[in-house]
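In what follows, a single structure is set out as structure tokens and then discussed.
Every number for a ligand or one of its atoms is a count from 1 in the order of the listing. Basis for what follows: all heavy atoms, side chains included, without hydrogens, waters or symmetry-related copies.
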Amino acid sequence: MSKTSNIMRLALLQLKGSKDKYSETIPDGFTSLQLSNLAKKHQVYIVGGTIPELGENDAIYNTCTVWSPTGDLVAKHRKMHLFDIDVKGGIRFKESETMSAGNDFTIINVDGHKIGIGICYDIRFEEMARLYRNAGCELIIYPAAFNMTTGPLHWELLQRSRANDNQLFVVTTSPARDTSAEYVAYGHSMVVNPWAKVQQSASEGEETLVADIDFSEVEQVRQQIPVFGQRRLDLYATEKKSK
Ligand SMILES: NC(=O)CC(=O)C(=O)O
């Protein structure tokens, strides 16, 4: 990352949507104003975890906001894939009972580098990451909060898979693990490089990671293992549909 491109990321807020209690409008809600002020004060981009956004027609979205060093809202990403799962003896979660799904891909441009944004469960959908790669992304950031059922097996694997499939950096942020919480997050925020190597990893507890992202690694991998140009697009394709 160039010397001017400081990006701070905050973890996913794994809140159960409730219009009355938690949801906020963007960009004028409480959390938005805090994030905007922080970005301006520290002259950095902030990818601000997620908040329950009160949207059109009282719908609530699980939304990540991105702020520029001037404190302006650069983009917001509404979680596209809602976390509805039922693992016997593990975890049952029905995010769609309270949240609505977003329909838009979100790409920001920081100093000429394209960065895709996804949220938590979005990381399981390889088509989404592929479309970001097709659009020229070199990094995908996923604020997330995996749990104690899926985290141990899938958290690192999914990040390394998306990084390897698409030859780009994958960065995640998780809340620290709080075993007294109703939803116990797995923790382990991570930076994975385009070789699919875990460059840095936090523990399950509270920690700050400071990472240098060297975008030249993206080009190196893509040149040395040129799978992107070797795809059989005459036989298959991953295509974006407009909604
Ligand atoms: N919480 C999520 O959205 C996703 C998750 O925990 C998982 O995919 O596992």
Side-chain angles (χ1 to χ4, degrees), residues 9-18 21-24 26 31 47-53 55 59-66 75-106 116-132 140-166 170-192 196 198 201-207:
R9 294 162 298 105
L10 304 177
L12 179 90
L13 297 180
Q14 189 74 31
L15 296 175
K16 289 193 172 167
S18 153
K21 259 175 120 173
Y22 299 119
S23 58
E24 301 179 20
I26 295 171
T31 308
V47 179
T50 72
I51 52 176
E53 176 199 3
I60 302 173
Y61 299 90
N62 193 345
T63 302
C64 171
T65 54
V66 184
K76 66 176 182 182
H77 178 74
R78 290 172 167 171
K79 189 177 187 180
M80 237 183 224
H81 304 91
L82 296 178
F83 186 44
D84 286 355
I85 65 164
D86 191 357
V87 181
K88 305 291 171 248
I91 181 174
R92 181 185 181 278
F93 206 91
K94 288 275 175 252
E95 192 172 19
S96 62
E97 284 174 358
T98 47
M99 298 287 193
S100 299
N103 295 322
D104 296 313
F105 294 85
T106 306
I117 307 288
I119 296 175
C120 207
Y121 201 49
D122 284 340
I123 199 172
R124 289 186 182 269
F125 298 86
E126 72 273 16
E127 296 90 342
M128 182 178 175
R130 165 59 58 184
L131 287 167
Y132 280 148
I140 305 178
I141 299 179
Y142 297 95
F146 268 41
N147 53 82
M148 298 306 295
T149 301
T150 59
L153 265 182
H154 294 166
W155 176 241
E156 179 181 324
L157 175 72
L158 283 164
Q159 295 178 62
R160 295 188 59 214
S161 302
R162 297 295 83 85
N164 185 54
D165 293 342
N166 299 296
V170 168
V171 170
T172 55
T173 38
S174 168
R177 191 178 303 169
D178 173 2
T179 49
S180 65
E182 195 186 331
Y183 181 97
V184 182
Y186 180 61
H188 297 287
S189 300
M190 234 170 243
V191 178
V192 178
V198 177
S201 174
S203 68
E204 71 272 16
E206 280 185 29
E207 207 172 313

Working note: H188 + W155, criterion side chain to side chain contact (heavy atoms under 4.5 Å, CB included); need CA distance, chi angles, decisive distance, verdict. CA-CA 9 Å; H188 297 287; W155 176 241; 3.5 Å; yes
Do any nitrogen or oxygen atoms of Y183 come within less than 3.5 Å of a nitrogen or oxygen of ligand 1?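 Indeed, backbone or side chain, Y183 has an N or O that close.
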Measure the CG-CZ distance between L158 and R124 for me, rounded to the nearest 0.5 Å. 5.0 Å
Check: D104 and R78 side chains under 4.5 Å, non-hydrogen atoms: no
Using a 4.0 Å cutoff against the non-hydrogen atoms of [X], which atoms of ligand 1 qualify?
X	result
N147	5 (C), 6 (O), 9 (O)
T150	6 (O), 7 (C), 9 (O)
C120	1 (N), 2 (C), 3 (O), 4 (C)
K79	2 (C), 3 (O)

If we set the cut-off at 4.0 Å for heavy atoms, which region of [X] has an atom near ligand 1: side chain, backbone, both, or neither?
X	answer
H154	neither
Y121	both
A145	backbone

Dump the intermediate steps for salt bridge (Lys or Arg N to Asp or Glu O under 4.0 Å) on K88 and D86, then the final yes or no. CA-CA 6 Å; K88 305 291 171 248; D86 191 357; 3.0 Å; yes
Evaluate whether atom CD of E206 has more than 12 neighbouring non-hydrogen atoms of other residues, nucleotides or ligands under 6.0 angstrom away.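 12 or below, so no.
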Does ligand 1 have any atom sitting under 4.0 Å from a heavy atom of R124? yes
So, does H81 sit close enough to ligand 1 that a heavy atom of it is under 4.0 Å from the ligand?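 Outside the 4.0 Å threshold, so no.
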Please check this pair: side chain of N62 against backbone of P52, looking for a donor-acceptor N/O pair closer than 3.5 Å.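 A pair under 3.5 Å: no.
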Do you see a donor-acceptor pair shorter than 3.5 Å between the side chains of N147 and T150?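 Distance-only check passes for N147 and T150.
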